[in-house]
Structures are given as structure tokens and as C-alpha cells.
Amino acid sequence: MNSDFDIIDFINSSDIAKHCCSIGYSFSALEMAYLIWVSRKRSIREKHSAWHNLIDTQPDMEIAERPGTPYIKNLHTFLLRFMELENKYLALFYQEEPCCIYSFSICYPGNEDYSFDNCVFPSFQMCFDAINAELTDIFDYVQYIRVKKQWICQSSSETVKSMEIYIDSIGTPWSLGEDRQIISEEDNEILDAFRGMWPEIPTPFKRGDILISNNQRVRYDGPFVLDTILYWKDTVPESTIKFLRSRGDESDLEVNVYTISSDNSLCHDHGPCYLDMEYYNAPLDDSQKFLSVLSGYIKGEYDITVLFEAYDYLKDAKRRKASYDYLCAYKNSHLIAAGFGEITNDR
Amino acid sequence: MNFYKFINSKDIRAYFESINYQFDSLSAAWIVWQSKLTTLQEKHEAWEKIIATMPDCEIRERPNTKARPSLHNYLRKLIELGDKSPDDMSDYEKELIDDGFDGMWFYFPTPFKKGDILTFSDQIFILSEFGYENGFRERLEKNGDSTDMTAFGYFVDEGDGHIFNECMHHYMDLEYYCGELNGKNRILMAVSNYLKDEISLELLLNAYHIILTEEHAKDFLPRGFTNEGLALAGIAERKK
């Protein structure tokens, strides 16, 4: 593989990328193709360049049929067809047509996707000009921009047709979006083929680690404590792993995690895709501090009795906060007279 | 000789019977010594039987046990003491008692598993592990005494209901707890089922909080009021 391409640069999680580097992990051609496809760190053009590079330097291979993925006789031929389709639909997206409108939504880091639904434009260029006007002051801080093209229905019986792409703040396309109603079923089978795959990329993460998802496109709020990645032999039955190797898809890349719900309860739930996980290094807020105790318990550093006390404290914290908010409405002199002492913010 | 009757725990006794457990001379003498269910005369008869029918052995020196060349001779001396009270014993005789079985440690199999709800001396707890687990057995066999025959587990504080981890010192006294778990002790059921992988950590913690909250609410119920008065205050149900 030539020097201007390194698969590590395509890995979404900086911690997984570092780990793969440090252990000198040798990626298969299919794993590389997958990581290029799933990358949110590189544009469509860079991905196509990487796939061409992969075709030139990596051995071809056959991919067995699985739910969501058709039988692929040659990976190289499949990648060429995939790129051809992406180019075809990008061209269709940019093509100005009399009965089409463009709209956009913007996601800033740490925020929800904000949709500018009431602004529609007859061309991509006009839409992009409006995006630029919107981004004047905060040009560098955009997580992603999603642009949608919609074909106006010509009769009440006509089905809505639309598609969307992700672009960056200078208009470079990064990927086709999830809305693909304009794309034919046959083409979609190719464009969705990676979704039916289940790669097992090594990670540095251990059970009990406090992690966060870095994928803003599929929001997963807050830090969480990792319980299981579904390919872990120590915690997942061998039969399940065997099943997932032949039939698992992108939904099976989701990990099992512990989180704290809005009512300060512990929840065991599906978390994000493991390839999006990174260590959480920011300070934990009051209710999240329980995650630190839970992490220690899972790693064998604390006895469960510590967890009991911490959980009781967590549950009471919500009631204490409500009491504090209520008491704040009173004058300090009244609170002191009532025996509470002065109410301060650190209470 | 059937030594099972000298085992304090009816569940361990039944377990030994079921596996036809065979004592060696020293462990048989020890199990007789620690029995709370038999008379001194029965103990002496059992020791005489050991002398008559089981091979002799030396007693190895341990931190709290004096080395003795013959178990049989040691048992004979104990029998000779009869029912003499410690106040009437000479220093030599007291030494026979003090530097003897109490300083020994034995491994015995039991039917108990992690998460079992067990009882001893009217206390209830959830077994987490025995003291000899996790690589400690070899050290205990060499230097442990009878107080090191520990079982660790989770107990409920009778006052505020919190769970604490503690050990008991005579695991051969343990029995299954077959009564009901009421009040704050309901938490033990959740802990037991969690340790046995019957419920999740999520459910355990929420059960812990709910049970503790319910029991605290009961503790806060004002005393000295009639049920009718409590009902008028909205903290008891009015009788229909």
C-alpha cells in the first residue's frame, strides 16, 4: 500500500486507532474496505482513493452471502461498482431539475441536529450559499451538515422521492445520507452491503471502562460503563459469536452498557457501535459519579457493598436537588432561622 | 465409627452422609472436639474408638498448637482430664487444652455455594466465598487455626438496613436458612439471586433502594397514634 494511505487514519475512534497501531494489527482486505466505508473522518473522494489503493495492493476475495449482504464474488469488482453507484447518485443529487428543492440541517458538536426546514432552495449551490451564511461565525465548529434533495410530487398519488448527503463546511461530500428513497432497490442492495457485515476489530476497551460515543450522527448521550462487546469470548457464549460471524449485521456491533437514566436509575441497555467508542476523560457530573463506582466494582476494585451505598446516594441526590431548588426560593435569613443554615450553590 | 453425629450443622451432616465422607484420625478427633450437640462422655467414647481403630499420627506444630508425637497419647491425656474445670487444672493440664485443637485448621467440603442464604447463631447472611478460596488454602493448612475456618458474605445491618461484608469463623456450623425473609432482610433475597446470576445488577440495585426506602418509611411512622389518626394524616389506609 503506498505511503499516502494509512487505514488507521480512517478509524473513527482515536483510541481504537491507537490500539490497533500499538499492537501492530494486520487488517484483512475486507476489514479495510469496511473501515473506509464506515469512516466519518474522510470524504467520499478520499474513500474512493483509498478503495482504489486497496484494489491495487490487497488480494481479491469472495464474500459469502449473509442477511443484508448479497453474495460478492470479487471484493475488488464490488468496490468498483460501489464507487460507481456513489458517483452516479452524487451526480443526480447535484443535478438541477425544475421540480426539485434542497434543504439542510446542521449539527454542532454536543447538540441535536438542527433542521432549517422552512428554507428551501431550487439548487444545491443556493442551498450551500445559505449554509455558508448561517455558518459565518462558527465555521469551524460544525459536526456535520446534511443536505436533502426532494422531488416535488406531481400528483397526489405519487410517492415522495428524496435523498440526502452529508457535506462539510466547504461543501465536500462525505457520504450519502440515510434517506435514499430515490435510489433503486437493486442499487441499494449494493450501497447497503456493508451494513450486513460484522467486523471484529480489536479495541483497547475492557469491561467496566467509562466510555463515550463520538458519533454525532447516531446520538448516544453521556458517558456509560461498558459491559460487553458481542465478540468478547469471555462474556459472550461461543454459539452467539459463531452465529454473529455468519449472520450478524451493524445492529450487532452495538455494545451492552450501563447508564444513568434521567430519574437517576441504573439502566442496562444497548449502547453505541463499538467502533465509535472512546475513553471518557471529561469530569463526571454529580449523577454520573456513580459510574465511577460502578466501573470500580466491575473491575473488582470495590465490593458490592460500596456500590449499594453509592446507588443509595445517587437515588437520594435527585430528591436532595429538588429540596435544594425549593429552599432556594426562601430568603437566607428565613432558612437560617429554620435551622438550615445559609443555602449556597455547593450544597 | 460414625462421626457424623458430631457435626453441628444438620446440612453438612446430611451432605457428608450423602458423599460418605471419610475422616482421617486427626480430623475425626477435631470434629469430635468441636461438637456442640454431644456430651463429654460421648466425646470420650469417640476418642477411645479413634485410639482403638484408627492409625496414630503426630500432631504438627502450628502457631497455636504444640507439636506432639502421638495423637493417640494426646487423646488419652484429654480423656484422663475427665470433666475437670479449668480452675482445677494444673498449668500442664491447661496447656493440653490451650495448645490443642483450637490451633488447628481443616478443610472440609460443604454443600454450600456462592449466593446461598445461610444461617448460624440466629444470624442470616449470603455466602460469597470461603476463606480458603482464592489461593489461601495452602497457607491456612500450614498456619491457620480454627478461627480461620471462615466464610465471607453479606449481612444486613439491623439498624439502618445497609448491607455489609463480613466473615463468620466456623463454617462447619453453617446451615441453610429456610425461614422467610421479612423487613430489611428482603434485600438478602435480591443479593442471593444476583450472586447466583438469577437477576441483573440493574434489578439488584433498584431492589436495594426500593426495599431500603420502604423500610425507612416504616421506621419513620409516628408512634403512639391510632390507625384512624394515621389514616387521617394520609400515612395509613383507613379500615373499611
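In what follows, chains are A, B, ... by sequence order, proteins preceding strands, each numbered from 1.
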Contact part of A:L294 toward chain B, heavy-atom cut-off under 4.5 Å: side chain, backbone, both or neither? side chain
Could you list the residues that satisfy salt bridge (Lys or Arg N to Asp or Glu O under 4.0 Å) with A:D209, not counting sequence neighbours? A:K299
With a strict 4.5 Å heavy-atom criterion, list every residue of residues 106-119 of chain B that contacts chain A, or say none. none
CD/B:E95: more than 12 non-hydrogen atoms of other groups inside 6.0 Å: yes
Using heavy-atom distances under 4.5 Å, tell me whether A:D312 contacts chain B through its side chain, its backbone, both, or neither. both
Crowding at CZ, B:R139 (>12 non-hydrogen neighbours, <6.0 Å): no
Would you say B:K142 has more than 12 foreign heavy atoms packed within less than 6.0 Å of its NZ? no
So which part of A:Y313 gets closer than 4.5 Å to some heavy atom of chain B, the side chain, the backbone, both or neither? neither
How about residues 147-182 of chain B versus chain A: which residues have heavy atoms under 4.5 Å apart? B:Y154, B:H162, B:I163, B:F164, B:N165
Report, by ascending residue number, the residues of residues 186-212 of chain B in heavy-atom contact with chain A at a distance under 4.5 Å; give 'none' if the set is empty. B:V191, B:Y194, B:L201, B:E202, B:L204, B:L205, B:N206, B:Y208, B:H209, B:L212
Verify the neighbour count for atom CZ of A:R245: are there more than 12 heavy atoms of other residues, nucleotides or ligands below 6.0 Å? yes
Nearest 0.5 Å please: distance from the CG atom of A:D303 over to the OG atom of B:S128. 7.5 Å
Around atom NZ of A:K233, are there more than 12 heavy atoms from other residues, nucleotides or ligands closer than 6.0 Å? no
